[in-house]
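One structure is given below, encoded as structure tokens.
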Amino acid sequence: MNHVYVTSMGKFLPGEPVGNEEIEDYLGRINGKSSKSMRRILEQNKIRYRHYAIDKQQRSLYSNAGMAALAIRDALDRNPNALESDIDFLAVGTTQGDLLVPGFASMVHAETGLPVMEIATHHGVCASGMQAMKNAYLQVLSGESRIAISCASEFPSRVFKHTRFEAQQAYRDSAVPFDTDFLRFMLSDGAGAAVLQNTPAASGLSLRIEWIDNKSYANNYDVCMYAGFNKDDKDHASWLDYRSIHEAADDGAVNLKQDIRLVNEMPKVGVDRFFELVEEGAVDPSAIDWMVCHYSSHFFRDEIFRLLQLGGLTIPEEKWYTNLYTRGNTGAASIYIMLEELLGSGKLSPGERVLCMVPESGRFQTSYMLLTVVGTTDASSPAVFEERAPEAPQLKYDSSNDVQAQLVRQLVRVWIDFEQKLARVPVIHKLYHGKFTMNDYKSLMENIRQQVIDGSQWIARAASYIPIEHIDLRSAFIAHARDEHRDFQILERNYVAVGGDLAAIQAGDKNIGSEALSAYLFQRASRDNPVDLIGAMWIIEGLGCRMARYWGEMIRDQLGLDDEQVSFLLYHSDSDELHFERLETVVQHPLLTADIAARIVKTAKTTARLYLLQLEELNNV
């Protein structure tokens, strides 16, 4: 059996922290009235800040799967030794996914863009995150997986917005029951993720998982936290048993609820299991350096402390770690978000023991996990590349000309959006985070070669469709085509210089993104007076001006190459500045009208999307 290590953790907390006075600005006031229960609930849970993935108009800013993917990306960005190609298992937990079907892990996998792998969905309440962690742990422990990812994400705010309750017949003339209103001020949004491997991180700290213990007590207790039926409705065992979804909603059956009469049993169940683990020899309270406990409210923390004291096995208060009061109760994601913060806090030292506790009130479960801190606390861990803020290439124009000024403003907006999306394309994301490989470099050259060849051809074709009365524009296009028609040979030399087979790259086929990009550009170039193609040049030549040297130097440094092996990129950084001068000639030309400017912007948008597709679909021929 392998040892299993958490080698990095990540989180995603949407938006700015929301204080108590702003909660109902986000969730809304039901029927225009502030909740009578809110103040009492907040006094008990003592949460001061939380995060919501909705805005003050109750619009969703993210999906639950999207937040999970962002947490996973955060964990991977911190881990230079976890190559995406080696990840072969993903386990994800949540209380409520975005869809009824398919499973939440499928949706998260799609959002991440990670390779084909085995996945597992864990559906429940708070313990589902620990169930995902154990599944990933067992995969690595058994040798089934080299690198596994465990993740949990929650998005409860969208089910608590006021419009949902105002639309329900049951509550048009009465207040929302306390069992539902209670949770509106208890739960918040966020996601956390962990990367699990069979070796510790090369530098910095890792957490070795000693064991994970998950137990269900559903055989002993009624359901406590739930959605999908009403306990007092004996005619409908499930929301699916109603005559219609509307009827189920009107009856409040779809609302998330907490049985307040039962919830106080949760600390007892959790502490009882702690005592059992001590008796079994799995836990030595005196050897615990950190106690990381997910309690949903400060009220339950006091009760856990009281019960531990009664049993004579108190873990000193200074050893307890939580961020409930500043991050909120993020359910299944809470234990990940706490561990991520503790791991990065500088408070841990090699050899320390961390005991994690997650009690769940769904139908009562307990989860415990024992971790040992391993590694070093020195500052020699490799730094994650600091991504540049997006910035459009500079384009000179006559600021007193409204058409030119508006055109350039719109082109700048197109570029900023393009560069932001470019950073999330998997191959570029790897480059920006120090995970770029020689195979990635070869693949990139193989996949853009044909587009480089096509470039001079569609520009030359466009020149032939520019009327003779605009011979200066035709000359600019022809000069541009002349400059670029041999560029592919530089790329081929770079490919051979890093060990590639010239015959292989010359025989390569366009990927599906390149096919779409090429077809679009040739189609535009075959129309009368196709000056809108400067929108395409804005994107493609902008890559040369803004990104080519940036990428070339990163590839050179990450792969230990010399300038001659990345000369295609370094050359384009210089040559494309001249091409931009020709773009400026077109932008400042008397031919430019508002209609032509609008066509230029649309061509730029379309080219940007298709260029991204070309990079997203590497080797997909």
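Scope of the values below: all heavy atoms of this structure, side chains included, with no hydrogens, waters or symmetry mates. Model, not experiment: these values are computed from the prediction.
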Show me the pairs that pass salt bridge (charged side-chain N to carboxylate O under 4.0 Å, His left out) and involve residues 302-316, at least two apart or across chains. Glu303-Arg306

Check whether any side-chain heavy atom of Asn511 sits under 4.5 Å from a side-chain heavy atom of Asn619, and report yes or no. no

Looking at Phe305, does the NZ or CZ of Arg301 lie under 6.0 angstrom from its six-membered ring centre and within 45 degrees of the ring axis? yes

Parallel, tilted or perpendicular: rings of Trp290 and Tyr321 (30°, 60°): perpendicular

Inspect the contact between Lys268 and Asp272 and indicate whether a charged nitrogen and a carboxylate oxygen are less than 4.0 angstrom apart. no

Sidechain N-carboxylate O distance under 4.0 Å for Glu84, Arg73: yes

Test: Arg208 and Glu210 ion pair at under 4.0 Å: yes

Return each pair, listed once, that meets side chain to side chain donor-acceptor pair (under 3.5 Å) where at least one residue sits in residues 119-141; pairs must be two or more places apart or across chains. His122-Asn135, Gln131-Gln365, Gln139-Ser145

Pairs touching residues 44-78 that satisfy ring pair (Phe, Tyr, Trp, His ring centres under 6.0 Å), sequence neighbours left out: Phe12-Tyr62, Tyr26-Tyr52

Before accepting this row, confirm whether a basic side-chain N of the pair Asp259/Lys231 lies closer than 4.0 Å to the acidic partner's carboxylate O. yes

Strictly below 4.0 Å, N to O, side chains only: are Glu341 and Arg327 in salt-bridge contact? yes

How close do Tyr432 and Ala423 get, counting heavy atoms only, and between which atoms? CE1-CB, 3.8 Å

For the pair Glu352 and Lys347, find out whether any cationic side-chain nitrogen is under 4.0 Å from an anionic carboxylate oxygen. no

Pair His162-Leu27, side chain to side chain contact (heavy atoms under 4.5 Å, CB included): steps then yes or no: CA-CA 6 Å; His162 69 107; Leu27 302 183; over 6 Å; no

Lys36 and Asp181 ion-paired at < 4.0 Å: no

Looking at Arg609 and Glu616, is there a salt bridge between them, counting it only when a charged N and a carboxylate O are closer than 4.0 Å? yes

Could you tell me whether Arg146 and Asp86 make a salt bridge, using a distance below 4.0 angstrom between a side-chain N and a carboxylate O? yes

